Amino acid sequence: MKVGVISVQGAVPEHLHMSRVALDAMGRKGEAIAVRRLDDLRSVDCLIIPGGESTTISKLLRKFGLFADIVAMGMDGVPIMGTCAGCVLLAKKGGEQAERTGTELLGLMDMSVDRNAFGRQRESFEAPLEIEGLNDPFPGVFIRAPMITSAWGSCRVMCRHQGEAVMARQDNVLAMSFHPELTGDPRMHQMLFSLV
Ligand code: GLN
């Protein structure tokens, strides 16, 4: 299996590392590559869109000519996981902040998000999360995290933190407002790879 990590800005090396850990843990042969060019993008079996700054990532996806192909891959059923800023980019609606900054979203998931929604005094925090399909809590690391404010159609919320939706799935696409690549726990990456 070939895993691609979109590599225009943000937490790329951490995702590459965790992808390799997860492949090992699953006993699956594979590789994880940083994706910055169209031919690399077209060669992968699944894709990770990392955290970072969603406005910047969005602009760079256009500049590097990757934007339309990511949308097409998602609609074709290629498994995609977006974390934090990646979660914002997967949404159909990005709330007031995305509108104000003119952030163009990939729009692969029937959900709306609110950027940096957890409030100033709690810009970064950790919390154990109960996630659908996992037996034990997952260590949630939140950094200026978005909140999923609504989900419709076939988009399903998979996890809430203090009542707020922080993870969702729509068929082949997973989005979470936290950072699984910054933990020692490969289960979110394994969840993505199990869809391949
Ligand atoms: N606040 C950032 C955004 O809205 C996301 C932060 C992150 O990815 N850690 O784009």
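In each ligand, atom 1 is the first atom listed, and ligand 1 is the first ligand listed. Because the structure is predicted, anything quoted here is derived from the model rather than measured.
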Quiz item: Between Arg115 and Gly95, is there a donor-acceptor pair closer than 3.5 Å when you use the side chain of the first and the backbone of the second?
Solution: no

Self-check item: Whether Asn172 side chain and Ile80 backbone form a donor-acceptor pair below 3.5 Å
Solution: no

Quiz item: Rounded to the nearest 0.5 Å, what separation is found between the CE atom of Met1 and the CZ atom of Arg28?
Solution: 3.0 Å

For residues 34-41, please give each side-chain donor-acceptor pair under 3.5 Å, one per line with the distance, not counting sequence neighbours.
from	atom 1	to	atom 2	distance (Å)
Arg36	NE	Ser7	O	2.9
Arg36	NH2	Ser7	OG	2.9
Arg37	NE	Asp39	OD1	3.3
Arg37	NH2	Asp39	OD1	3.0
Arg37	NH2	Asp39	OD2	2.7

Can I get a per-line list of side-chain donor-acceptor pairs under 3.5 Å for residues 129-145, giving both atom names and the distance, sequence neighbours left out?
from	atom 1	to	atom 2	distance (Å)
Glu132	OE2	Arg156	NH2	2.7
Arg144	NH1	Glu123	OE2	3.2

Practice problem: With a 4.0 angstrom cut-off on heavy atoms, strictly below it, pick out the residues next to ligand 1 and order them by chain and number. | Solution: Gly51, Gly52, Glu53, Ser54, Cys84, Ala85, Arg115, Asn116, Ile143, Arg144, His179

Quiz prompt | Residues which pass side chain to side chain donor-acceptor pair (under 3.5 Å) with Lys2, listed by chain and number, not counting sequence neighbours | solution = Ser43

